[in-house]
Structure formats: C-alpha cells, structure tokens
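We name chains A, B, ... by the order of the sequence lines, and we start the count at 1 in each one.
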Amino acid sequence: MVETARQRLVAAILVLLLAALPALASLLAMPDLISLGTQVAIYAIATVGLNLLIGTTGLPSFGHAAFFGLGGYVVGILAFHAAEDSAVFGLFPGATDAWIVWPLAIIIAALAALLIGALSLRTAGVSFIMITLAFAQMLFYLFAALKTYGGDDGLGFRRRNALPWVSPRDDVAFYYVCAAALLLVLAGFHLVARSRFGNVLQGIRQSERRMAAIGLRSYRYKLAAFTLAGGVAGLAGALQANMLRFVSPDMLHWTTSGDFMVMVVLGGTGTLFGPVLGAAAMVLLQTWLAQWTEHWMIVMGPLLVAVILLARRGLWGALAGK
Amino acid sequence: MTLLLEQVLNGLQYGVTLFLLAAGLTLVFGIMGLINLAHGSLYMIGAFVAARTQAATGSFLLAVPAGMAAAALTGMAVEATILRRLYARDHLDQVLATFGLILFFNEVMAMLFGRQPMMAPIPDFLSGSVTFIPGVPYPVYRLAIIAVGVLVAGGLYGLIVHTRVGMLVRAGATNRDMVRALGVRIGLLYTLVFGLGAMLAGLSGAMVGPLLSVQVGMGDRILISTFVVIVIGGLGSIRGALVGALLVGMIDTLTRAFLPGLLRGVMAAADADSIGAGLSSMAAMILMAVVLMVRPRGLFPAHG
Amino acid sequence: MTPILLAAEVTKRFGGLLACNGLSLAVRPGEIHALIGPNGAGKSTAIGLLSGEIAPDSGSIRFGGADVTRLGIAARVRTGLTRSFQITTILPQFTALQNVALVAQVRAGHSFHFWADAHRDAALVDPARAMLERVGLGKRAQVPAEDLAHGEQRQLELAMALMTGARMLLLDEPMAGLGATESQQMTAQLAALKGSLTVLLVEHDMDAVAALADQVSVMVAGRVIATGSFAEMQASQAVRDAYLGAHA
C-alpha cells in the first residue's frame with residue numbers, strides 16, 4: 001500500500017500538510033482553511049472505515065452515514081440532557097466529557113453496525129447495496145421523527161465536549177484533535193491491513209468461494225469488518241457534531257452515504273491515504289463550486305460520472321503511482 | 001371498517017405507483033445487470049413535464065403522454081451516452097455514476113422549474129367520487145390510477161410472455177451472448193427496454209402530480225421505497241415487483257393511517273403522531289428485513 | 001480396512017435431470033482412487049456432492065467415520081476433506097507464498113489478529129515456504145499467482161490443498177489442459193503422495209489413471225457400476241458395454 005519511494009514521499013507530504021495546516025492558514029491569512037481542514041479530517045476518518053469495506057473486503061456498503069449520524073446523535077443527545085439536567089430514557093444522566101461521550105459514540109455506532117451487518121451480510125451484490133441503504137434510511141426516518149431531539153430540524157448544543165488541556169472554544173486546537181484522530185486511525189488501519197485479519201479480508205475480496213475452499217467461514221470476518229468500520233464512522237460523527245455543535249438527520253441521509261462512497265473511489269479504492277485525498281477533493285470542490293454558482297451540483301454530478309467512467313485509479317494512483 | 005376499506009384502496013393506489021417504478025428498475029437490472037439510481041429522476045422528470053404541460057395547455061390528456069415521452073427520451077439518451085458503458089462495470093461504479101446523474105437532474109429541474117413545489121389540478125373528467133362500496137365514497141382519480149396500473153401490469157405480462165420482443169428480453173436476461181449470436185442488435189434492444197422502463201417511471205410521475213406536490217428531490221424518496229420493493233420481490237422478477245409493490249404500498253399506507261391512533265392509546269398525542277409517522281416510514285423496511293431473514297433472495301428470485 | 005470416505009445411495013436432481021442416481025462409493029485410506037466414466041455420467045456432480053459444494057437430495061456421506069452429509073465446503077475442509085482443481089483456489093493478486101501462508105493461517109485457527117504483520121509471521125511463512133519447496137515451487141514464492149504458468153498454478157493449488165491439512169484430496173481432472181511434460185510432472189507429484197494421503201480423482205487421461213490409481217470406479221448415468229483395479233475394469237465386459245452404450 002505504501003511501498004515505493006514515491007508513495008512514501010506523497011504520504012509524508014500529506015502528513016506534513018496535515019500538521020502544518022494551521023501555520024499555513026495564518027501565513028496565507030486564510031482562516032477558513034482551519035474549518036475546511038477539520039472537515040476534511042473528519043470525513044477522511046469516516047471514509048477510511050468505509051474503504052476497509054469497499055476497498056479491502058469488496059463490500060459496497062451504501063449505509064455508512066447511519067453510523068456517522070449515530071455517533072453524532074450520541075454527542076447531541078447527551079449534551080441535550082446534560083444541559084436540561086434530565087436523564088436519557090429516564091435511565092442515565094447526560095454527559096459532556098469527551099472521554100465518556102466519544103467512546104460511547106464509537107460503541108453505539110459499532111453495535112448498530114453489528115446488528116445491521118448481521119442482517120445485511122446474509123445477502124450479497126446489489127441486494128447488499130440496497131439493504132444497507134434501506135437500513136440507514138430507516139434510522140434517518142427514526143431520528144427525523146424524534147421530536148424531543150429536534151426531529152427534522154436537528155439539535156443544537158452550546159459547547160464542544162470537554163477535553164483535558166484543550167479549550168472547547170479554540171478552533172485550531174479542535175483541528176489538531178481531529179487531525180490526530182485521523183493519524184491514529186490511519187496508523188491503526190495500516191496495521192490491520194497487513195494483519196491476519198486484513199489478510200483474510202483481502203482474500204474474501206478476491207474470491208469468497210475460494211476462501212471457503214480453503215476452509216474459511218467468511219461471514220464472521222465480514223461482520224467484524226462491518227462493525228469496525230461502523231465504530232470508526234461513529235467516531236467521525238462524534239467529531240462532526242462537535243465541530244458544528246449541531247446534529248441533524250441530514251448526517252444519516254442516504255446522500256451522505258453516497259458522498260462517502262464517492263470519496264473512497266475518488267481518492268483511490270483500497271489505498272491507505274486515498275480516503276484523505278478523496279475527502280480533501282470533495283470538500284474543496286464543493287466549497288469552490290459553491291462560491292462559483294448556487295447550482296454547483298450541475299457540475300458536481302457530471303464530474304462524478306466522468307471520474308467513474310474515465311479515472312479508475314483515483315487520486316492516490318494519479319499522485320503516487322500504482 | 002369503512003375507513004379501513006378506504007385505506008386499503010389508498011394502499012392499492014400507492015402500490016400501483018410503486019409497481020410502475022419497480023417494473024422498469026427490475027427489468028433493467030434483470031436484463032442489463034444495471035442498478036440505476038437515477039430511475040427516480042425519470043419519475044421526477046415525468047412529473048415536472050406533465051405538470052408544466054397541464055398548466056400550459058389545461059389538458060391532462062396531453063400532459064400524461066408528454067411526461068411519459070420526456071422521461072422515455074431522457075432515459076434513452078442517458079442510456080445511449082453513459083449507462084451502456086456501465087453494463088460491464090461492477091455495481092459500485094454503477095451506483096456512483098448514477099448517483100452523479102441524480103445530482104445533475106435534481107439541479108437541472110431546480111434551474112428549469114424552481115425549487116417551489118408545484119401542484120397539478122385533478123382533471124374535471126376524473127374529479128369527484130364514486131360510491132361503489134356502500135358507505136365508502138372514493139375519489140375517481142385514485143381509482144383511475146389503480147386501473148392504469150392494472151392495465152400496465154397486464155400489458156407487461158402479455159409483452160414478456162407472448163411476444164417476440166418479450167422472448168428476446170427473457171433470453172437476453174439469461175444469456176446475452178446467445179441473443180447476440182442470433183443476430184439481434186442487442187444495443188438497440190437494451191435502449192428500447194430502458195426506454196420502456198423510463199416511460200413507465202414517467203407515467204407514474206405524471207399520474208401522481210395531482211396527488212402529491214411536484215418538487216425537486218421527489219424521486220429520491222420513492223426510489224428507496226422502490227428498492228425495498230424489488231429486494232422483497234426478488235431482483236429481476238416482474239412478478240416479484242408486483243407483489244412487492246402491493247405489499248409495500250399496503251403496509252406503508254395502513255401503518256401511516258392507523259399506527260398513530262393505536263399509539264395514542266399508550267402515549268401522549270403529539271409523541272404518538274411523530275413516532276407513529278416515523279415507524280410507518282420504517283415499516284416497509286422492517287418487512288424487507290423479515291423477508292430477507294427467511295428468503296435472502298427475495299420472494300420470487302429470478303433464475304440464474 | 002474401513003473406508004475413509006463412504007457415500008451411500010447419494011441422489012441429486014437438477015430440475016428434470018437426475019445427475020446422481022443412488023451413487024455409492026467407498027474409498028480406503030491411503031489409496032489413490034480414480035472415478036472414470038463417459039461424459040455426462042455425473043462425475044463432476046459427484047465431486048461437488050462429496051466436497052460439500054452441492055447438497056444432496058437424499059443419501060449419506062461419511063468421512064473418517066463422521067456423517068458430513070449436511071456440512072458445507074468450509075466445514076468439510078476443516079475435517080480434512082479438501083477439493084482442488086477445476087474450481088481454482090488460488091487468489092490471483094497474492095504471491096504464491098502469500099497464498100499458501102493464507103491457508104496456513106486459516107488452518108491455525110481464527111484470524112481475529114489485528115496488529116501483527118501476517119506476512120512476516122514465521123509461524124505462517126515457514127511452513128508455507130516448506131510446502132512450496134515440496135511441490136517444486138520454491139523459487140517462485142514471490143511471484144503473484146496470476147503471473148504463474150498454467151502448470152505452476154496447478155502445483156500451487158496442490159500446495160494449498162495439502163496445506164489445509166487434508167487427509168483426503170478430491171481432484172477434478174488434475175491433468176486437464178496440461179502439456180505432456182507438465183502432465184508427467186503432475187503424475188509424479190501425485191504418485192509421491194501415495195500412502196500419506198488418500199486421493200479421489202476424476203480423470204480422462206487413461207495413462208495417468210493407469211499409472212496412479214490403486215482402485216478405479218466406473219460411473220455411468222449417475223451411479224457407480226463397477227469398482228476394481230484398472231486391469232479388471234479394462235477386462236470387464238459390463239464396463240465396456242456401458243462405455244460403448246453411453247457413446248452410441
């Protein structure tokens with residue numbers, strides 16, 4: 001994945017850029033770069049997880065936004081109850097400490113992925129695509145109906161989750177938190193890809209039938225990958241909620257799932273740094289096109305079609321070679 | 001009881017609308033192996049063009065064919081330029097490229113017709129109600145939709161089972177190379193099949209205009225319900241699409257009508273209404289999950 | 001000697017076609033047993049039924065004394081009954097070594113190890129390398145499987161099948177598509193397995209069958225009509241009639 005000298009170079013430049021972005025922002029007097037960079041890092045985290053499914057295992061999940069949104073709502077709902085001093089489902093109190101809320105967001109998203117994956121993975125191919133889509137949309141409707149938590153309008157809260165030594169108001173500090181989370185996730189997935197577990201997933205992508213022929217029961221590994229990816233999406237969702245101090249059903253909307261898939265393919269399916277490039281390209285393109293015209297989707301749509309039809313290798317392949 | 005009968009008819013009408021969409025989607029998947037997210041866009045195009053034609057000419061009988069033609073032509077143009085390059089690709093590429101098409105078509109409609117919802121009036125000759133079940137006056141227009149759906153279902157069945165084109169369609173679904181070897185211009189056949197599916201989607205959109213508001217993005221939500229329909233019915237099966245559409249139409253309509261009332265018995269009215277609405281949106285998907293647990297390939301799996 | 005594999009009255013119907021019609025077969029441990037018969041006799045279906053790829057309509061299959069009739073492919077591989085060839089088991093993007101090491105990994109138990117680099121794990125790589133040496137692919141360990149020559153891919157498959165810890169191999173036409181030299185190499189390699197491993201092979205190449213098989217079963221119209229040595233089968237009038245009858 002990151003093997004040739006050129007690939008190492010591109011990877012090093014990316015990591016360096018990630019670290020130096022705040023300095024760059026003040027140097028260029030472009031403070032917007034901080035929020036853009038934060039958004040890129042968060043999307044990249046979610047996409048790294050999805051890439052494990054699409055790129056490594058060959059599972060085209062169309063419901064990734066569900067776990068992203070769940071992670072976000074864990075943050076939002078706990079903040080809501082903390083502010084109201086009431087109890088969630090009348091059982092336990094709200095919370096605002098990151099060290100409680102974020103792990104909880106990961107766990108709940110992972111549990112939902114375990115459940116949805118257990119059912120969805122009974123199917124394959126197009127059915128799998130549609131079922132993951134439908135389950136995610138089910139959660140979308142659920143949150144849109146929860147009037148207590150804002151329903152369609154979403155749920156705002158006043159303050160980011162508290163972290164030790166980090167001021168919740170400091171946007172640069174929050175950027176560093178997200179960038180550090182991204183680097184941790186990347187390092188983790190780098191190891192996972194080469195582990196026995198990653199080995200099996202790659203085998204499943206190449207041929208599930210052949211894996212059965214050497215004695216492997218693939219279902220449990222696919223389910224584990226699905227759960228892991230869901231948990232990571234939950235972390236990304238928790239960060240997203242913190243960035244905006246707002247959550248809404250849009251986080252779970254199927255177009256968000258579509259955006260994540262686009263980022264995987266745009267960046268380079270199955271590569272470690274592809275998701276970072278895909279997320280960056282998507283965020284920058286949207287920002288740039290939106291400045292240019294209100295009807296930016298009219299460019300984005302055909303661009304996407306062209307990328308799928310013509311550019312198969314993605315940005316990582318274009319920059320770093322195969 | 002009379003309320004229940006009325007809602008059953010509503011469910012039937014929604015099911016018919018879904019079937020018109022599901023038939024095209026499942027036909028295209030069964031024959032070309034293409035999963036087309038932009039199918040909902042064709043429905044939206046049919047609805048917009050019909051509503052605008054009706055507003056301009058005042059004629060519903062002109063509006064429906066105009067909507068169908070717009071959807072069919074758009075569909076065939078997209079098939080010939082873009083989608084046919086995707087037949088040999090994996091489903092992920094198909095999903096993403098047609099996702100791009102949705103973004104494009106939604107924006108085109110917004111630029112052409114604005115983002116304000118439009119309402120089309122019910123034509124005079126189909127307005128009013130009839131009382132064919134004692135005590136249940138029912139809108140003529142909705143009955144007309146049901147009748148059109150029944151006619152289309154019958155027509156499709158006749159086309160696929162009894163005609164030469166239908167035979168080619170069935171043969172093409174199981175063995176593309178054989179059909180090619182017979183000297184059939186398979187590219188043309190595919191374009192025509194795609195056009196047929198698009199036309200049905202346009203018909204569906206044109207007919208719902210007087211019942212729902214016509215607006216950008218209207219195709220997206222019904223697309224997902226259509227997916228649920230064809231997964232329940234079994235991918236590629238027209239019969240499955242029919243059964244799935246009727247099941248989803250019924251369960252969606254009935255839960256929407258009665259669930260809030262039932263919930264009010266156990267919780268506050270406002271909560272009951274919102275949770276009832278949420279649950280009824282989810283009902284069809286829960287049905288799908290149950291079907292897949294019992295039969296992972298749907299109720300009527302197509303051959304192969 | 002009790003048979004290691006015992007199929008009793010196994011029947012499989014595909015729509016109107018009776019592919020296996022009360023197939024009964026006994027294979028003794030350590031022997032190379034050839035299944036021959038005219039085209040369409042149901043030999044491939046028989047291999048599919050024995051490997052667990054196809055579920056029988058009726059009848060029973062016992063392996064090593066246990067009933068495996070209801071087990072799937074993966075579960076049968078774990079009991080030591082492995083199919084190879086015709087459904088190729090190699091993963092094209094992995095190197096030869098990675099392919100065999102992956103089998104060693106699956107055999108070593110569950111794969112829920114998330115951190116350690118599997119490609120540098122001596123517990124997997126060393127036995128895989130040894131197995132590649134054994135089948136004569138030692139020098140090609142680092143070549144991606146898709147770039148191996150046809151005959152080499154067969155050798156790799158054999159290495160993978162052996163690496164599953166198989167007690168018995170089901171081989172579907174191991175010589176098909178091989179040139180004369182490659183065929184001889186493969187015959188020698190299979191002959192070297194004799195005694196340490198039980199083999200059931202479907203094969204059209206009668207030279208290979210004559211050279212390898214301890215026992216030959218003749219299958220006609222979905223069932224075994226005779227079993228014996230190759231010479232006995234050659235001499236049997238019933239076998240000749242069946243072969244000729246099926247061809248006529």
Side-chain angles (χ1 to χ4, degrees), chain A residues 1-3 48-49 52 55-58 106 110 114 117 122 184-229 231-232 269-272 313 317 322, chain C residues 48 51-53 71-94 98-121 123-125 144-146 157 159-166 169-170 172:
Chain A
M1 293 184 67
V2 184
E3 277 152 10
V48 169
L52 180 76
T56 309
T57 322
I106 295 173
L114 182 69
R122 288 171 51 85
L184 269 177
V185 168
L186 283 173
F189 276 73
H190 177 66
L191 293 178
V192 166
R194 309 166 138 246
S195 70
R196 290 191 183 195
F197 179 65
N199 228 3
V200 164
L201 298 184
Q202 290 179 50
I204 291 171
R205 183 195 67 234
Q206 292 176 62
S207 172
E208 204 169 339
R209 191 161 158 232
R210 292 173 189 189
M211 293 305 284
I214 61 172
L216 185 93
R217 280 171 278 209
S218 53
Y219 178 81
R220 57 182 76 178
Y221 297 102
K222 292 193 288 183
L223 185 55
F226 200 86
T227 307
L228 184 61
V232 173
T269 314
T271 62
L272 184 63
R313 290 197 307 164
K322 201 170 151 54
Chain C
S51 67
E53 193 178 6
L71 297 185
I73 298 180
R76 288 194 205 187
V77 170
R78 285 164 180 272
T79 68
L81 181 62
T82 300
R83 175 179 178 165
S84 188
F85 307 127
Q86 206 158 48
I87 61 153
T88 39
T89 44
I90 56 174
L91 298 166
Q93 293 159 26
F94 279 4
Q98 285 172 335
N99 265 289
V100 184
L102 182 63
V103 182
Q105 176 187 324
V106 171
R107 188 183 171 190
H110 70 78
S111 291
F112 289 111
H113 300 278
F114 296 95
W115 309 122
D117 189 341
H119 300 310
R120 291 189 192 156
D121 189 337
L124 305 178
V125 176
E146 58 193 349
E157 284 181 56
M160 291 173 73
L162 292 172
M163 199 77 231
T164 61
L169 294 182
L170 302 168
D172 201 350

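Contact annotation: the side chain of C/F112 approaches that of A/Y221 to within less than 4.5 Å [non-hydrogen atoms, C-beta and beyond]. The side-chain heavy atoms of C/S111 and A/R220, taken from C-beta on, include no pair separated by under 4.5 Å. No side-chain heavy atom of A/R196 sits less than 4.5 Å from a side-chain heavy atom of C/L102. Within the 4.5 Å cutoff, no side-chain heavy atoms of A/R209 are placed close to those of C/I73. Using a 4.5 Å heavy-atom cutoff, the side chains of A/R217 and C/R78 are in contact.
A/Q206 places a side-chain N or O within donor-acceptor distance of the main-chain N or O of C/Q93, the cut-off being under 3.5 Å.
Atom-to-atom distance recorded for A/F197:CZ and C/Q105:CD is 11.0 Å, nearest 0.5 angstrom. Here the OG atom belonging to A/S195 is positioned 7.0 Å from the CZ atom belonging to C/F114, to the nearest 0.5 angstrom. We find the NE2-CG distance between A/H190 and C/D117 to be 8.0 Å, quoted to the nearest 0.5 Å.
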Item to check | Criterion side-chain contact (heavy atoms from CB on, under 4.5 Å) on C/M163 and A/I214, from CA distance to verdict | outcome: CA-CA 9 Å; C/M163 199 77 231; A/I214 61 172; over 6 Å; no
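Proximity to chain A (any heavy atom under 4.5 Å) is restricted, for C/D121, to the side chain, taken from C-beta onward.
Comparing C/G165, C/A116, C/A166, C/A75 by how many heavy-atom pairs each has under 4.5 Å with chain A, the most go to C/A116. Heavy-atom pairs under 4.5 Å with chain A were tallied for C/V103, C/T82, C/T164, C/L91; the largest tally goes to C/L91.
The two residues C/A74 and A/L216 make their nearest non-hydrogen contact at CB-O, 3.7 Å.
Not counting sequence neighbours, the partners of A/T269 by the side-chain contact (heavy atoms from CB on, under 4.5 Å) test are A/N51, A/I54, A/V264, A/V265.
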